[in-house]
Amino acid sequence: MVSERNMEEKESAKEGGANDKRGPVGDRKLPWIKGTKYLLDFMFYCGIVVTASLPWSIRWIGELLPGLIRHYEEAVIIYFVLGVSAEKLLWELRKIFKTVLAEDCFVRENVVSLQKMGNWSFFIALMAGVRSIVYMTIAMIVVIFVFLIAGLFSKVLSFVFEQAVAYKEETDFTI
């Protein structure tokens, strides 16, 4: 049963060949990739609105959390810096997704974007640490660890992509 399906997939790949415009991504993966791209776009634009509305939203949330109002100026500044940093990180991730949708993801620009994403992740972790000095919460400790891991992951992934780009360029010159 499994081998029959694999044979059918191989046959359809042969038949599609150069005429198949979807390439190796295929029909099953494309909705997931596009869905993730739309989610990133939604997060990016919502992030702009949230970051721009911080002075008002922190006052409004401060009615529920009085500790936030005690440190209103610090909260606005720190969350604004965190918001802008998150927007920069999302911008780089959106750039990578454009190359994934174009089915050309092993390019130098993605290596640079992954390096930048690692830097922004580390910066967000640092700013979250600064915010924890003003007032500490368990959630902020989690945020620090998540962004430290994200930064490390982005840096390591950039090295993997850099090697993949080198292999790709080497095979392009061979042909």
Side-chain angles (χ1 to χ4, degrees), residues 2-3 5-52 54 78-131 140 142-175:
V2 173
S3 61
R5 186 173 53 186
N6 289 342
M7 298 259 299
E8 289 174 7
E9 288 175 1
K10 288 179 184 177
E11 288 298 318
S12 67
K14 285 180 187 175
E15 291 170 6
N19 295 332
D20 188 14
K21 299 199 190 273
R22 282 186 279 287
V25 170
D27 289 333
R28 289 183 309 170
K29 296 178 185 172
L30 194 59
W32 287 99
I33 295 169
K34 281 188 173 181
T36 305
K37 173 73 169 91
Y38 293 139
L39 177 63
L40 284 173
D41 291 344
F42 177 76
M43 289 169 54
F44 180 77
Y45 293 115
C46 284
I48 291 171
V49 171
V50 168
T51 303
L54 279 171
I78 289 170
Y79 284 125
F80 183 80
V81 170
L82 285 170
V84 170
S85 302
E87 288 297 302
K88 295 292 284 181
L89 194 146
L90 285 171
W91 179 260
E92 295 299 330
L93 193 53
R94 289 174 72 228
K95 285 176 21 182
I96 290 173
F97 261 84
K98 286 180 185 175
T99 65
V100 171
L101 285 170
E103 297 184 13
D104 187 28
C105 55
F106 294 114
V107 292
R108 294 259 173 232
E109 292 82 17
N110 285 354
V111 174
V112 172
S113 287
L114 284 164
Q115 284 287 334
K116 288 179 181 179
M117 286 171 56
N119 294 342
W120 284 113
S121 294
F122 291 142
F123 182 74
I124 289 171
L126 177 70
M127 287 306 296
V130 169
R131 183 239 180 231
M140 207 40 61
V142 172
V143 167
I144 291 168
F145 283 120
V146 165
F147 279 98
L148 283 175
I149 291 168
L152 291 170
F153 182 76
S154 293
K155 292 290 187 176
V156 169
L157 197 57
S158 76
F159 299 136
V160 171
F161 266 66
E162 188 171 31
Q163 192 65 47
V165 169
Y167 289 147
K168 179 183 168 216
E169 289 175 349
E170 186 178 305
T171 59
D172 287 349
F173 290 132
T174 306
I175 297 173

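- Distance OG/Ser154 to CZ/Phe161: 10.5 Å, rounded to 0.5 Å.
- Remark: Ile78 CD1 to Met140 CE distance equals 9.0 Å, nearest 0.5 Å.
- Within the 4.5 Å cutoff, side-chain heavy atoms of Leu152 are placed close to those of Phe122.
- Rounding to the nearest 0.5 Å places OG1 of Thr99 at 9.5 Å from CZ of Phe106.
- In this view, Lys168 and Asp104 satisfy the salt bridge (charged side-chain N to carboxylate O under 4.0 Å, His left out) rule, not counting sequence neighbours.
- Closest non-hydrogen pair, Leu101 versus Lys34, comes out as CD2-CG, 3.8 Å.
- Here Glu87 contributes atom CD and Trp120 contributes atom CH2; the two are 11.0 Å apart, rounded to the nearest 0.5 Å.
- For the pair Cys105 and Ile96, the minimum side-chain heavy-atom distance is 4.5 Å or more.
- With values rounded to the nearest 0.5 angstrom, Leu89 atom CG is found 6.5 Å from Phe147 atom CZ.
- Annotation for Ala128 and Leu82: closest pair N-CD2, 4.1 Å, computed over non-hydrogen atoms.
- Heavy-atom contacts from other residues, nucleotides or ligands closer than 6.0 Å to NZ of Lys37 number more than 12.
- Within a 6.0 Å sphere centred on CZ of Phe80, heavy atoms belonging to other residues, nucleotides or ligands number 12 at most.
- Of all the heavy atoms in Lys95 and Asn110, the pair that sits closest is O-OD1, 4.4 Å.
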(message) Between Val81 and Phe123, does the side chain to side chain contact (heavy atoms under 4.5 Å, CB included) criterion hold? Intermediate values first, please.
(response) CA-CA 10 Å; Val81 170; Phe123 182 74; 3.6 Å; yes

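- Note that the CD atom of Gln115 and the CZ atom of Phe159 stand 5.0 Å from one another [nearest 0.5 Å].
- You'll find the side chain of Leu93 stays beyond 4.5 Å of the side chain of Phe44, heavy atoms only.
- Looking only at atom types and distance, the side chain of Lys155 has a donor-acceptor partner in the side chain of Asn119 under 3.5 Å away.
- Contact between Thr51 and Gly83 at its shortest, heavy atoms only, is OG1-CA, 3.5 Å.
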